[in-house]
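Whatever order the structure lists ligands and atoms in, that order sets their numbers, starting from 1. Every heavy atom of this structure was used, including side-chain atoms; hydrogens, water molecules and symmetry mates were not.
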Amino acid sequence: MTPLLTAEGIDARYGDVRAVSGVSLHVDQGELLALVGANGAGKSTLLRVLAGAHRPVAGAVGLRGDDVTGLRDFERNRRGICLVPEGRRLFASLTVRENLLVGAGSRRPGRWDVDAVADVLPMLRPLLERNASQLSGGQQQAVAIGRALMSNPDVLLLDEVSLGLAPIVIDELYESLAAVRGGGLAVILVEQDLQRTLAVADRLVCMLEGEAVLEGTPHSLTHEAITDAYFGHV
Ligand code: ATP
């Protein structure tokens, strides 16, 4: 079976800084792949390369077997790749409902509308007419995820959704993530919290200093192997 999304030999830089070196990975339809690693390991950059928001200096990105490396971010979005970047970036002067509808701008056919989003992210239902500037961090993050769903993606790229949020809010977002995953949606999740990641991931890839140094299922990898890869004792 052709994987849904593939990265082959990705090198990415910021000027002289090497952020990603020779990384290959894939995610299948319906799979949740977690990308773990310390600060600066290159996880966000790799997500940006997959989404078309950062141009790699080498390597290729494939979607259902088609080479999409030359496509811009909005073109990949139209084909079903959607990035929820770190930092949420909502329109502060618009309501929650309006922010969600922004995500439907380049809409593909599919299951998501405002009502379906409010079903899986129930904290949003009473807030639909509220201004985004009045939301807590967790509520803003829920809107950012909901807005991404509104484009009816096949692959959702989530960058540190739980950063800076209270544990109880993170629990709620992770429950939503489980509900979101029905219907074959693939997810690549960047997350600092290893315990949480291991609980939800089908498979994980650990990055260290720009390279993918470990790959496997949570069951096949020992905690020691993961922490060694994470902290560079390999
Ligand atoms: P974090 O969890 O801190 O976001 P990360 O694993 O996502 O870390 P990246 O943000 O991809 O890692 O960073 C990879 C490398 O690229 C780091 O050395 C970082 O300092 C560098 N880097 C990231 N963004 C930029 C930028 N805009 N300009 C210059 N260097 C950058």
Polar side chain donor-acceptor pair, Thr95 to Asn131, under 3.5 angstrom: no
Between [X] and [Y], does at least one N-O distance fall below 4.0 Å, as a salt bridge requires?
X      : Y      : value
Asp119 : Arg111 : no
Glu215 : Arg203 : yes
Arg181 : Asp202 : yes
Asp115 : Arg125 : yes

Do me a favour and list the nearest non-hydrogen protein atom to [atom] with residue, atom name and distance?
atom                    : value
atom 4 (O) of ligand 1  : Ser44 OG, 3.4 Å
atom 11 (O) of ligand 1 : Thr45 OG1, 2.5 Å
atom 23 (C) of ligand 1 : Tyr14 CE1, 3.4 Å
atom 8 (O) of ligand 1  : Gly40 N, 2.7 Å

Ligand-residue contact atoms, ligand 1 with Gln192, heavy atoms, under 4.0 Å: 2 (O)
Counting each atom of ligand 1 from 1 as listed, which ones have a heavy atom of Ala41 under 4.0 Å away? 5 (P), 6 (O), 12 (O)
From the options Leu47, Val20, Thr45, select the one residue that forms a side chain to side chain contact (heavy atoms under 4.5 Å, CB included) with His54. Thr45
Residue that, paired with Gln141, satisfies side chain to side chain contact (heavy atoms under 4.5 Å, CB included) out of Leu121, Leu158, Leu90, Leu173: Leu173
Hey, is ligand 1 close enough to Lys43 that some N/O pair sits below 3.5 Å? yes
Just to check, does [X] reach to within less than 4.0 Å of ligand 1 when the distance is taken from its heavy atoms?
X      : answer
Ala38  : yes
Gly42  : yes
Glu160 : yes

Do other residues, nucleotides or ligands put more than 12 heavy atoms under 6.0 Å from the CD atom of Glu98? yes
Protein non-hydrogen atom found under 4.0 Å from atom 19 (C) of ligand 1: no
